[in-house]
A.B. asks: 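Here it is, the structure, as C-alpha cells.
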Amino acid sequence: MTSPERYNAPVTEAKWRAAWDDADLFRVDNDDPRPKYYVLEMFPYPSGRIHMGHVRNYTMGDVVARYRRAKGFNVLHPMGWDAFGMPAENAAMQNNIHPAKWTYENIAAMRKQLKSMGLSLDWSREFATCDVAYYEQQQHLFLDFLKAGLVTRKTSKVNWDPVDHTVLANEQVIDGRGWRSGALVEQRELSQWFFAITDYAQDLLEALDGLDRWPDKVRLMQRNWIGRSEGLRMRFALTNQGPGGEGDLEVFTTRPDTIFGASFMAVAAGHPLAKAVAATKPDVAAFIEECQRMGTSAAVIETAEKKGIETGLRVAHPFDDTRTLPVYVANFILMDYGTGAIFGCPAHDQRDLDFARKYGLPVTAVVRPRDADDDFSVAADAFTEDGVIFNSAFLNGLSVPDAKEAVAARLETRDLGGAPQAERKVNYRLRDWGISRQRYWGCPIPVVHCEACGIVPVPVADLPVKLPEDVSFDVPGNPLDRHPTWSKVDCPSCGAPARRETDTMDTFVDSSWYFARFTAPDAAGPIDREAMAAWLPVDQYIGGVEHAILHLLYSRFFMRAVAKVGYGDRSEPFAGLFTQGMVTHESYADEHGKWVALEDVVVKDGMHVHAKTGGPLTVGPVVAMSKTKRNGVDPDEIIGQYGADTARWFMLSDTPPERDIEWTDAGADAAHRFVQRVWRLLCDTAERIQAGGGSGDGMALRKITHKSVRDIENDIESLHFNRAVARVYAWSNDLQRALQDEATPAAALQESAEAMIACFAPMMPHLAEEAWQLIGKEGFVAAAPWPEVDEALLVEDAITLPVQVNGKKRAEITVAKDAANDDIERAVLALEDVQRFLNGAPPRKVIVVPQRIVNVVA
RNA sequence: GCGAGAGUGGCGGAAUUGGUAGACGCAGACGACUCAAAAUCGUCCGCCGAAAGGCUUGGGGGUUCGAGUCCCCCCUCUCGCACCA
C-alpha cells in the first residue's frame with residue numbers, strides 16, 4: 001500500500017529517461033557556438049555487467065556534465081567500449097562462443113544498464129574499439145606512425161607460455177608460471193613491434209609540470225616511471241686478450257666522482273661480453289643460464305642474493321695505470337638499463353657493497369661526510385650522501401657534484417680507440433612500448449612479410465585488415481597463426497606470395513586515442529583535425545588510479561605522435577584528471593574460510609549466518625568489491641529496488657570521491673529516505689505556494705538559498721561532491737523550517753525550491769525533473785540554466801563573533817558587519833562573561849580579527 | 001629499501017588553508033502518531049562531571065594572542081615503485 005505522496009522512483013525515472021531520449025537532449029553538435037566542455041569517464045571493458053565502481057565513476061562524470069551544461073557550456077559527454085582483449089578469448093575457449101558475439105552481447109547488456117542510470121550521454125557517438133570502423137582507423141594511424149619512424153621492429157625478451165603458446169605480460173606471470181596454464185614461463189627472444197615512446201621521454205617528463213589539474217600523485221608516478229637520470233657513459237679499456245677481451249667495456253654511471261673507489265666491473269647475463277666469454281667458459285655459461293631462469297617477480301628479486309662469476313677479463317683504471325679491475329658477470333645488472341654494465345664502487349653503493357663483501361673485493365671509501373676525517377670507512381652500510389672526496393688524487397677535497405664534473409671534463413676530451421672515452425648522457429628507465437600480442441581478439445597489425453621485399457606495409461587503400469570470423473579456439477595459441485588462408489597474401493609490393501603479420505596490437509593502443517575519435521566518430525580518416533582541435537583537451541577525465549601510468553602515459557604519447565603525423569597540434573589529451581576511489585563492502589567467510597556471496601548472508605540475532613546452511617560466518621575485512629571475495633552488490637538490484645537516483649546519491653554522499661567508499665545497506669536506505677523526504681518536502685512546499693500568503697520579507701530563506709547555490713557550485717567545480725550533498729541536506733532542513741514559519745512568503749519558497757531542484761538535478765536528475773514539473777516549471781530542468789546568485793544576498797549586515805579569553809571561547813557578540821575594531825573591543829570588554837575572567841584587571845591585549853573572532857588576553 | 005598520502009566522536013566525514021572543532025549523514029536514546037508494526041515527525045547525542053567547569057583532532061615537543069591546520073621528533077595504517085648503476 002502506497003500513500004499518494006510516495007515517490008515511485010522506478011516508474012518515474014523510466015518516464016523521464018524516455019522524455020530525454022525523445023527530446024534528444026544530450027546530443028552535442030560540433031558547430032555549437034557556446035564554449036566547449038569535454039567531460040569523459042574512462043570507458044568500460046564490456047565484461048558483461050556493470051559493477052558499483054562503474055556506477056560511482058559515471059555518476060561523478062555525469063554530475064560534472066550536467067552541471068557544466070547548466071552553466072552554459074556545450075558539453076561533450078560520450079561513451080564507448082574498450083572491447084578487445086583476453087577475456088573474450090577466454091570465454092571463447094571455455095564456453096565455445098565467438099569473441100565477437102560474446103563481446104557485442106555484453107555491450108548490449110551493459111548499455112542497457114548504463115542507460116538505467118540516467119546518464120546524460122551523447123549515445124550517438126558510441127563505438128566499440130572492436131568495431132571494424134574503429135580498428136581500421138587505428139591501422140591507418142599505425143601506418144602513419146610507421147612512415148614517420150615512430151614504429152620499430154626489434155627483438156626483445158618476452159615471457160612465453162609454452163602451453164598456451166602466447167606471450168604473457170609481466171602481471172600474468174605468477175611465481176614464474178603462466179597465470180592460466182600454470183606452465184613454467186620461458187624467456188624468449190621474439191621479434192616485436194614497438195612504438196617509439198622513448199623519443200618523447202624528455203617531453204613527456206617536462207610537460208608534466210603543466211598538468212596542474214592532475215593529482216600530484218599521478219604526476220609523480222609518471223615522473224618516476226620515466227625515470228630520468230643524468231650521468232656519464234664511460235669506456236674502460238680491456239687489458240687482457242682472449243675471447244671477449246678486445247676493445248673496451250662501456251658502462252653508464254651517475255657517480256663518476258667515485259671512480260677511485262671502483263674495485264670491479266659487472267655486466268648483465270645478457271651482455272655481449274658475457275656471451276662471448278661463455279662460449280669458452282662452461283662455468284660462466286652455466287651461471288648465465290641460472291640468471292635467466294631466475295624469476296622477475298618482486299618477491300624473488302627482494303630475497304635474491306647478489307651473485308656473480310669472474311670472466312677472467314680485466315680493465316684498466318682510467319686514472320691509475322697501476323690498477324686493473326676484474327670483470328664479473330652479475331645477476332643484479334639489468335641488460336636493458338644503461339649499457340648493461342657498471343663499474344662497482346662498494347663503499348658508495350649498497351648493492352656493490354653486498355657484492356664486494358661476498359667476493360672479498362676491496363672496499364675503498366672515496367667520499368666522506370663533511371665532519372669525518374680521512375680515516376673514514378664504511379662497514380655494513382654504503383655511504384651515499386654528498387660529502388668531501390678523498391683517496392682520489394686530483395679529485396681530493398671536491399664536493400660530489402664538482403668531482404662528477406671534473407671526471408666528465410677529463411674523460412670527454414680524452415681519446416680511447418678513436419673516440420672520446422666518456423660522454424655525458426641522460427638515461428631513462430622508460431622503454432619503448434612493445435605492442436605485439438600473439439592473440440586473436442585485437443587490432444591486426446597491418447603489415448606483410450615478404451621474402452623478397454621484407455616488411456611491407458599494407459597500403460591504406462587496402463584497409464581494413466579484417467579479423468577472420470572463422471576461427472577456432474579448441475587448441476592453444478594464436479588462431480590467426482593457424483588459420484588456413486588468412487595470413488596467405490600477395491606482397492603488396494612485388495606480388496609474390498607473402499605472409500600477413502599475425503600479431504595484433506596491445507589493447508592499450510585502442511584506448512590511447514578513443515577520446516580523440518569521439519570528437520568526430522564518423523570522420524573518414526582516423527582523426528578530424530578541426531574537431532580534435534575544437535574539443536581537446538578533455539577538460540575533466542575521471543577514472544581509476546590503476547591507470548595512472550600505462551593508459552595515461554600512452555595517451556600522452558599518442559597525442560604527440562598523432563601531432564607528428566599531421567593530425568593537429570601537439571597537445572596534452574587530458575587537462576584535468578581525477579582518480580576516484582574504489583567501492584568496498586564487508587566480506588564474509590564461512591567456517592571453512594570460503595568466501596560467501598552477499599545474497600547468502602543474513603543477520604540473525606546480531607550474528608551473521610549463512611542463509612542456506614545456517615552456519616556461522618565471520619565478518620571479513622572491508623575490501624574492494626570483487627568476484628573472488630564475492631562481496632559485490634549488483635547495481636541492477638539497487639536501481640530496480642530504489643531507483644537510479646538513490647544509487648547516484650549514495651555514491652556522492654559522505655565519502656570524498658578520491659577515497660574508497662564503503663557500500664552499506666544502511667547507507668543505501670538513508671539515500672533512499674532522502675529521495676522520499678525531499679519529494680515530500682517539495683510537495684508540501686508546492687502546496688504552500690499554491691495557498692499563497694506569508695507576511696514576512698523572506699530574507700532569511702532567500703539568504704540561505706543564494707548562499708547554498710554558491711556553495712554547491714563551488715563544491716561541484718572542485719569535485720567535492722560529498723560536501724555538495726551535505727549542503728543539500730542542510731538546505732532541505734532549512735527549507736522545512738521556513739515552511740513551518742507562517743510568515744515565509746510564497747515567493748521566497750518558490751525561489752528556494754526552484755534553486756534547490758536545479759542544484760540537485762546533476763546528482764538526482766530524475767527526481768529533479770519530477771519536482772521541477774511539480775512546482776510548475778516548464779521544460780526540462782536538465783536543460784535549464786544554473787540559478788543566478790544574487791551577490792547582495794551573500795553579505796550579512798550583522799555578524800556574530802566568537803569571543804575568546806586567553807584562546808578559550810567564553811561568549812559571543814553580535815555587531816554590525818562594518819563595525820570599527822575599537823567599538824567591538826569596547827563592547828567585548830563590557831561583556832559580563834569577559835569581565836568575569838578579567839577579575840577587574842585591564843586586559844593585556846585585545847585582538848580583533850574583523851569578521852572572524854575576538855580574543856582577549858588577560 | 002625508496003617515494004607519496006592519511007590518522008578528528010560508536011561509524012562515514014565537515015572545518016572559507018592559522019580564527020567558535022565535530023557541519024551533514026549513519027548508528028543510538030527518548031517522546032509523538034498507531035490496536036500494533038513499518039513509515040513519518042519532534043527532542044537529545046565527543047569524553048569526564050550533579051553543576052560550575054575541565055578535557056579533546058595518533059603520541060611528544062615547539063612557534064603564536066590563538067594550532068586539526070605551521071615547524072621538529074616519534075608511532076600506526078594505506079597506496080605506488082622496486083637490484084634503474
Side-chain angles (χ1 to χ4, degrees), chain A residues 1-3 5-6 215-221 223-225 227-229 231-232 251-255 258 266 268 296-302 304-306 330-334 336-345 348-352 354-355 427-431 545-546 548-549 581 649-650 653-656 658-662 664-671 673-674 676-677 680 711 714 720 722-733 736 740 800-812 843-858:
Chain A
M1 191 151 54
T2 52
S3 83
E5 278 200 357
R6 197 164 166 82
D216 289 341
K217 178 169 80 164
V218 174
R219 289 197 287 176
L220 188 71
M221 281 164 73
R223 206 166 278 137
N224 291 340
W225 188 262
R228 179 194 153 98
S229 56
L232 206 59
V251 305
F252 175 74
T253 180
T254 56
R255 296 298 302 274
T258 63
T296 52
S297 76
V300 171
I301 286 166
E302 200 168 356
E305 218 184 328
K306 304 276 173 287
N331 65 352
F332 64 99
I333 308 302
L334 304 173
D336 41 16
Y337 183 79
T339 63
I342 59 144
F343 77 75
C345 177
H348 305 292
D349 182 288
Q350 193 59 47
R351 294 157 302 177
D352 296 350
D354 295 345
F355 189 80
N427 230 315
Y428 299 93
R429 283 184 44 193
L430 184 68
R431 318 219 192 107
V545 72
E546 66 273 19
I549 297 174
W649 189 247
F650 182 100
S653 301
D654 295 340
T655 304
E658 68 279 8
R659 288 199 208 165
D660 289 352
I661 190 170
E662 185 187 351
T664 61
D665 291 346
D669 283 340
R673 266 205 305 277
F674 183 69
Q676 294 296 342
R677 186 165 92 77
R680 275 195 310 275
D711 286 343
N714 285 340
H720 292 130
N722 57 319
R723 302 207 295 224
V725 165
R727 292 197 207 279
V728 173
Y729 271 112
W731 186 358
S732 70
N733 291 341
Q736 184 132 35
Q740 275 147 20
T800 300
L801 297 177
V803 176
Q804 298 181 330
V805 179
N806 292 335
K808 287 205 165 74
K809 189 193 161 194
R810 298 298 182 185
E812 280 184 345
R844 283 205 300 193
K845 202 171 174 185
V846 179
I847 292 121
V848 178
V849 184
Q851 316 206 23
R852 267 292 115 81
I853 201 166
V854 181
N855 193 10
V856 178
V857 186

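Computed from a prediction, not measured in an experiment: that's the story for all the values here. Each chain gets a letter, A, B and so on, in the order the sequences are listed, and its residues count up from 1.
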A.B. asks: Quick one: side chains of residues 803-812 of chain A, donor-acceptor pairs under 3.5 Å with protein atoms, not counting sequence neighbours, listed by atom name and distance.
C.D. replies:
from      : atom 1 : to        : atom 2 : distance (Å)
Asn806(A) : OD1    : Ala858(A) : N      : 3.0
Lys809(A) : NZ     : Glu812(A) : OE2    : 3.4

A.B. asks: Can you tell whether the side chains of Arg255(A) and Asp349(A) come within less than 4.0 Å, N to carboxylate O?
C.D. replies: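 Judged by the 4.0 Å cut-off on N to carboxylate O distance, Arg255(A) and Asp349(A) do not form a salt bridge.
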A.B. asks: Which residues pass the side chain to side chain donor-acceptor pair (under 3.5 Å) test with Asp354(A), sequence neighbours left out?
C.D. replies: Gln350(A)
A.B. asks: Given atom CD1 of Ile853(A) and atom P of rU64(B), what is their separation to the nearest angstrom?
C.D. replies: 19 Å
A.B. asks: Side chain of Asn224(A) only, please: which of rC84(B), rA85(B), rG3(B) is the nearest?
C.D. replies: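 The nucleotide sitting nearest to the side chain is rG3(B).
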A.B. asks: Can you name the residues that form a salt bridge (Lys or Arg N to Asp or Glu O under 4.0 Å) with Asp216(A), not counting sequence neighbours?
C.D. replies: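 Partners of Asp216(A) under the salt bridge (Lys or Arg N to Asp or Glu O under 4.0 Å) test: Arg219(A).
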A.B. asks: Between Arg723(A) and rA15(B), does any side-chain N or O lie under 4.0 Å from OP1 or OP2?
C.D. replies: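 Yes, such a contact exists.
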A.B. asks: Between the protein and nucleotides 52-55 of chain B, are there any N/O to N/O pairs under 3.5 Å, and if so, what are the atom names and distances?
C.D. replies:
from    : atom 1 : to        : atom 2 : distance (Å)
rG53(B) : OP1    : Arg836(A) : NH1    : 3.4
rG54(B) : OP1    : Arg810(A) : NH2    : 3.1
rG54(B) : OP2    : Arg810(A) : NH1    : 3.2

A.B. asks: rA85(B), OP1 or OP2 - any side-chain N/O from Ser229(A) closer than 4.0 Å?
C.D. replies: yes
A.B. asks: What string of B, S and - do you get for nucleotides 25-33 of chain B, 5' to 3', when a contact is any protein heavy atom under 4.0 Å?
C.D. replies: SSS------
A.B. asks: Look at the side chain of Arg680(A) and decide which nucleotide, out of rC84(B), rG13(B), rU40(B), has an atom nearest to it.
C.D. replies: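 So the side chain of Arg680(A) is nearest to rU40(B).
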A.B. asks: Say you draw a straight line from CZ of Arg723(A) to CG of Asp654(A); how long is it, rounded to the nearest 0.5 Å?
C.D. replies: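 It comes to 14.0 Å.
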A.B. asks: Does Phe332(A) have any ring-ring contact (aromatic ring centres under 6.0 Å, His included) partners at least two apart in sequence or in another chain, and if so, which?
C.D. replies: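 Phe355(A).
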A.B. asks: Rounded to whole Å, please give me the gap between CD1 in Ile333(A) and C1' in rC84(B).
C.D. replies: 10 Å
A.B. asks: From C-beta outward on Thr254(A), which listed nucleotide comes closest to its side chain: rC81(B), rA23(B), rA85(B)?
C.D. replies: rA85(B)
A.B. asks: Hey, does Leu232(A) have a side-chain heavy atom less than 4.5 Å from the side chain of Thr253(A)?
C.D. replies: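 Answer yes - side chains close enough.
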A.B. asks: Nearest 0.5 Å, please: how far is NE2 in His348(A) from OG1 in Thr258(A)?
C.D. replies: 6.5 Å
A.B. asks: Can you list the residues that meet the ring-ring contact (aromatic ring centres under 6.0 Å, His included) rule with Phe650(A), with sequence neighbours excluded?
C.D. replies: Trp663(A)
A.B. asks: Would you tabulate the pairs of protein nitrogen or oxygen atoms and nucleotide nitrogen or oxygen atoms of nucleotides 65-69 of chain B closer than 3.5 angstrom?
C.D. replies:
from    : atom 1 : to        : atom 2 : distance (Å)
rC65(B) : O2'    : Asn855(A) : ND2    : 3.2
rC65(B) : O2     : Asn855(A) : ND2    : 2.7

A.B. asks: Tell me, please, which residues at least two apart from Trp649(A) pass ring-ring contact (aromatic ring centres under 6.0 Å, His included).
C.D. replies: Phe674(A), Tyr729(A)
A.B. asks: What does Leu220(A) touch in the nucleic acid at a heavy-atom separation under 4.0 angstrom: a base, only the sugar-phosphate, or nothing?
C.D. replies: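 Counting heavy atoms under 4.0 Å across all strands, the contact made by Leu220(A) is with sugar-phosphate only.
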A.B. asks: What is the distance from CZ of Arg223(A) to C1' of rA82(B), rounded to the nearest Å?
C.D. replies: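 Going from Arg223(A) (CZ) to rA82(B) (C1'), I get 19 Å.
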A.B. asks: Taking atom C1' in both rG60(B) and rG12(B), what distance in whole Å separates the two?
C.D. replies: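 Nearest-Å result for rG60(B) against rG12(B) at atom C1': 29 Å.
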A.B. asks: Would you classify Arg844(A) as touching base, sugar-phosphate or nothing, given that sugar-phosphate means primed atoms plus P, OP1 and OP2, and contacts are heavy atoms under 4.0 Å?
C.D. replies: nothing
A.B. asks: Roughly, in whole Å, what's the span from CH2 in Trp225(A) to C1' in rC79(B)?
C.D. replies: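 Those two atoms, CH2 and C1', are 16 Å apart.
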A.B. asks: Determine the contact category for Ile661(A): base if any of its heavy atoms lies under 4.0 Å from a base atom, sugar-phosphate if only primed atoms, P, OP1 or OP2 are that close, otherwise nothing.
C.D. replies: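 Nothing, no heavy atom under 4.0 Å.
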A.B. asks: Check whether any side-chain heavy atom of Ile847(A) lies under 4.5 Å from a side-chain heavy atom of Val857(A), and answer yes or no.
C.D. replies: yes
A.B. asks: Mind checking side chain to side chain donor-acceptor pair (under 3.5 Å) for Arg677(A) and listing every partner two or more places apart, or none if nothing turns up?
C.D. replies: Ser732(A), Asn733(A), Gln736(A)
A.B. asks: Please classify the nucleic acid contact of Asn714(A) as base, sugar-phosphate, or nothing, using heavy-atom distances under 4.0 Å.
C.D. replies: nothing
A.B. asks: Can you give the dot-bracket line for RNA chain B, using ( ) for pairs inside the strand, [ ] for pairs that cross earlier ones, | for pairs with another strand and . for unpaired bases, where Watson-Crick and G-U count if both distances are under 3.5 Å?
C.D. replies: (((((((..(((......[....))).(((((.......))))).(((....)))..(((((..]....))))))))))))....
A.B. asks: Nearest nucleotide by nearest heavy atom, which residue falls closer to the 5' end of RNA chain B, Ile342(A) or Glu658(A)?
C.D. replies: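 Going by which nucleotide is closer to the 5' end, it is Glu658(A).
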A.B. asks: Suppose we screen for side chain to side chain contact (heavy atoms under 4.5 Å, CB included). Which residues come up paired with Asn714(A), at least two apart in sequence or across chains?
C.D. replies: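 For Asn714(A) the side chain to side chain contact (heavy atoms under 4.5 Å, CB included) partners, ignoring immediate neighbours, are Arg710(A).
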A.B. asks: Determine the contact category for Glu812(A): base if any of its heavy atoms lies under 4.0 Å from a base atom, sugar-phosphate if only primed atoms, P, OP1 or OP2 are that close, otherwise nothing.
C.D. replies: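 Base, at least one base heavy atom under 4.0 Å.
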A.B. asks: Assuming nearest nucleotide by heavy-atom distance, tell me which of Thr800(A) and Arg429(A) is located more 5' along RNA chain B.
C.D. replies: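 Result of the comparison: Thr800(A).
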